[in-house]
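Read through the structure below, which is laid out as structure tokens, and then see the notes.
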Amino acid sequence: MSRLKHRRGRPSNYRLTLRSPYWEGVARQVRMHDGHRCRLCGSRVELEVHHLSYHDENGQSIVGREAEHLDLLITLCSRCHQKQHHRS
């Protein structure tokens, strides 16, 4: 089921991916690299991992290959992460 065909009440494939051992390992590496702090405000609580880009320098998707492109991921607190997704 693609994200476009998602039905209410069921976790999307993307949400399920965030709970996978692969993603947990990638997120752990990014948080360690960033010193377990938000890169924007320095907070140490409610940390999340943010994709700076979903594509590498060749325009190829990095989804599912994030461990090869840790430079395209940063640690943000939930507040700064929300701001990044809603900035104009």
Side-chain angles (χ1 to χ4, degrees):
M1 175 170 29
S2 75
R3 289 180 85 184
L4 296 177
K5 296 180 184 175
H6 176 69
R7 293 184 184 166
R8 292 185 99 188
R10 291 187 188 173
S12 67
N13 287 341
Y14 181 71
R15 282 260 186 230
L16 292 173
T17 300
L18 294 179
R19 296 183 197 152
S20 73
Y22 169 76
W23 179 253
E24 288 177 8
V26 169
R28 187 177 315 109
Q29 288 179 344
V30 174
R31 287 191 304 268
M32 283 177 27
H33 176 267
D34 292 337
H36 297 278
R37 288 185 175 271
C38 174
R39 293 266 303 264
L40 297 180
C41 73
S43 175
R44 290 181 171 265
V45 296
E46 297 183 27
L47 297 178
E48 302 174 352
V49 175
H50 174 68
H51 286 79
L52 294 171
S53 174
Y54 286 95
H55 297 90
D56 64 15
E57 61 278 355
N58 298 320
Q60 304 252 338
S61 173
I62 66 163
V63 175
R65 301 182 306 119
E66 287 91 351
E68 301 168 26
H69 300 280
L70 295 175
D71 58 319
L72 296 177
L73 303 168
I74 61 170
T75 304
L76 297 177
C77 67
S78 61
R79 186 174 178 185
C80 289
H81 197 186
Q82 194 78 1
K83 287 180 185 177
Q84 287 297 304
H85 283 282
H86 290 100
R87 64 184 176 167
S88 323

For the residue pair V49 and I74, establish whether any side-chain heavy-atom pair is separated by less than 4.5 Å.
no
Might you point out which heavy atoms bring V30 and L70 nearest each other, and give the distance in Å?
CG2-CD2, 3.9 Å
Are any non-hydrogen side-chain atoms of E46 and H81 less than 4.5 angstrom apart?
no
Please report the closest heavy-atom contact between E48 and S78, naming both atoms and the distance.
OE2-CB, 3.3 Å
Less than 4.5 Å apart, any side-chain heavy atom of L73 and any of H50?
no
Side-chain touch V63/E66, heavy atoms, less than 4.5 angstrom:
yes
Taking the side chain from D34 and the backbone from T75, do they hold a donor-acceptor pair closer than 3.5 Å?
yes
Classify the ring geometry between W23 and H51 as parallel (under 30°), tilted (30 to 60°) or perpendicular (over 60°).
parallel
Non-hydrogen atoms of Q84 and L76 that approach each other most closely:
CG-CD1, 3.7 Å
For C38 and C77, work out which heavy atoms get closest and say how close.
SG-N, 3.3 Å
Return yes when atom NE2 of H33 has more than 12 non-hydrogen atoms of other residues, nucleotides or ligands closer than 6.0 Å, and no otherwise.
no
Contact between H55 and I62 at the side-chain level, heavy atoms closer than 4.5 Å - yes or no?
no
Go through the structure and list residues passing salt bridge (Lys or Arg N to Asp or Glu O under 4.0 Å) with D56, not counting sequence neighbours.
R65
Nearest heavy atoms of R44 and H36, plus distance in Å
CG-O, 3.6 Å
Is it the case that atom CZ in R79 sees more than 12 heavy atoms from other parts of the structure closer than 6.0 Å?
no
